[in-house]
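Right, one structure below, let's go through it.
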Number of protein chains: 2
Amino acid sequence: MAPTRDRILDALQDVLLEDGPGGATLDAVAERAGVSKGGLLYHFRSKDDLFEGLLDRLDAGGAAADAQCPPDPDGAARWFLDGSQTADGPEERTLLAALRLLGTYPPASDRMARYLDDWAAGLRRAIGDPVTARLVQLVGDGLFLHALLGSGDTPLDARVKDAVRTLLDQA
Amino acid sequence: MAPTRDRILDALQDVLLEDGPGGATLDAVAERAGVSKGGLLYHFRSKDDLFEGLLDRLDAGGAAADAQCPPDPDGAARWFLDGSQTADGPEERTLLAALRLLGTYPPASDRMARYLDDWAAGLRRAIGDPVTARLVQLVGDGLFLHALLGSGDTPLDARVKDAVRTLLDQA
DNA sequence: CCTTGTGCACCGTCCGGACGGTCGACTACT
DNA sequence: AGTAGTCGACCGTCCGGACGGTGCACAAGG
């Protein structure tokens, strides 16, 4: 079995994704993690401390993502654009959960902004022109926003991604 | 004095923006609006009903925004891209407040997605090629996401906007 | 002209329940 | 024996919502 601390963070993510920040009570998280409330509060001294733990996990994911970015422009763009929409895998799950903290836990905004910037670091490295790199990032972030609101991948978006990548050849 | 119902919705926005969804209690909203809790519940039968009222106000703003979109491609793009970042004015205030409902009040996701789509309707009308129109929309939504997280307008983003608009001439 | 009635807008209090957090006791490993 | 980890009962607080009541506007009837 995974360490208790990780199980609690997993449980927090689950609850955040299913019930939103309102449902993320200490009781709910503890029950989900198979731990009593006292046990939870042993690992995280307060609710804010628990949120901080989730944001720390996010930072780790951002750094790991950056390391995976292909070094060539086209590969980097493809990697970034596709990654902006997927909601599968443990890291994306952490991200989506952290998003739910935005209005609730004030420090979340800054941490999220830094996370988006970490993701785009590889893009800036692979693409010479900073304006083009930023454009690719913004398109990706736009896709991400739509994915956030629940709209899945559309055929039109696939064509947009192709269009963006042909743009890279001209730059 | 503005109608009580509107004053209550204004108060809800204020509280949502200042304290997040957690602070948006019936008591807090009522006090802010200069109304007793009973008075508030006379106009909105439940907390969910109150949230619904805010989302309705958002829809009205979306329809109004669409009507203001210039008919020519360059004007439309400029209008959309600049509008994605501003956080001033009563309509943007409503939008930012509604965003705070995302994880808290489940129906908010769908309503927000529809709102984004309403905004882009004018873009699709003004720009012939649907792929290009969608690209402009995604860049705008990306800018919007960053504005949401608190990062202001950067010089780099201004150059990206110029680049997007020169793209329109080629299409 | 006045009074009786009707309904809308609003008020203030109360209550059941849930929430965050504390505490002392228990267990298992070292 | 000591310590890290876990438990579950408990406390004070706050929230959403229900409820009974108040006052005003306005219209009908005498």
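The sequence lines fix the lettering, A, B, ..., with proteins before strands; numbering per chain opens at 1. Note that the structure is a prediction, hence the values are computed from the model and not measured.
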| message | Below 4.0 angstrom, which residues in residues 8-20 of chain B have at least one non-hydrogen atom near DNA chain C? | response | none
| Pairing of A/R165 and A/D162 as salt bridge, 4.0 angstrom limit | yes
| task | Would you confirm whether A/R100, through its side chain, and A/L16, through its main-chain N or O, come within 3.5 Å as a donor-acceptor pair? | result | yes
| query | Do B/D117 and B/R124 sit within salt-bridge range, that is, some charged N less than 4.0 Å from a carboxylate O? | reply | yes
| field | Salt-bridge contact A/D56-A/R111 (side-chain N to carboxylate O under 4.0 Å) | value | yes
| Flag for B/D157-B/T154: side-chain donor and acceptor within less than 3.5 Å | yes
Is there any protein nitrogen or oxygen under 3.5 Å from a nitrogen or oxygen in nucleotides 14-16 of chain D, and what are the pairs?
residue: D/dG16; atom: OP1; partner: B/K47; partner atom: NZ; Å: 2.3
residue: D/dG16; atom: OP2; partner: B/L26; partner atom: N; Å: 2.8
residue: D/dG16; atom: N7; partner: B/K37; partner atom: NZ; Å: 2.9

| message | Could you check whether A/D14 pairs with A/R93 (Lys NZ or Arg NE/NH1/NH2 to Asp/Glu carboxylate O, under 4.0 Å)? | response | yes
| field | A/L99 vs B/L102 side-chain heavy atoms within contact, under 4.5 Å | value | no
Please enumerate all protein N or O atoms sitting under 3.5 Å from an N or O of nucleotides 4-6 of chain D, with distances to 0.1 Å.
residue: D/dG5; atom: OP2; partner: A/Y42; partner atom: OH; Å: 2.5
residue: D/dT6; atom: OP1; partner: A/T4; partner atom: OG1; Å: 2.8
residue: D/dT6; atom: OP2; partner: A/H43; partner atom: NE2; Å: 2.5

| task | Evaluate the ring planes of A/W119 and A/W79, with Trp represented by its six-membered ring, and classify them as parallel (under 30°), tilted (30 to 60°) or perpendicular (over 60°). | result | parallel
| field | A/D74 bridged to A/R78 by N-O distance under 4.0 Å | value | yes
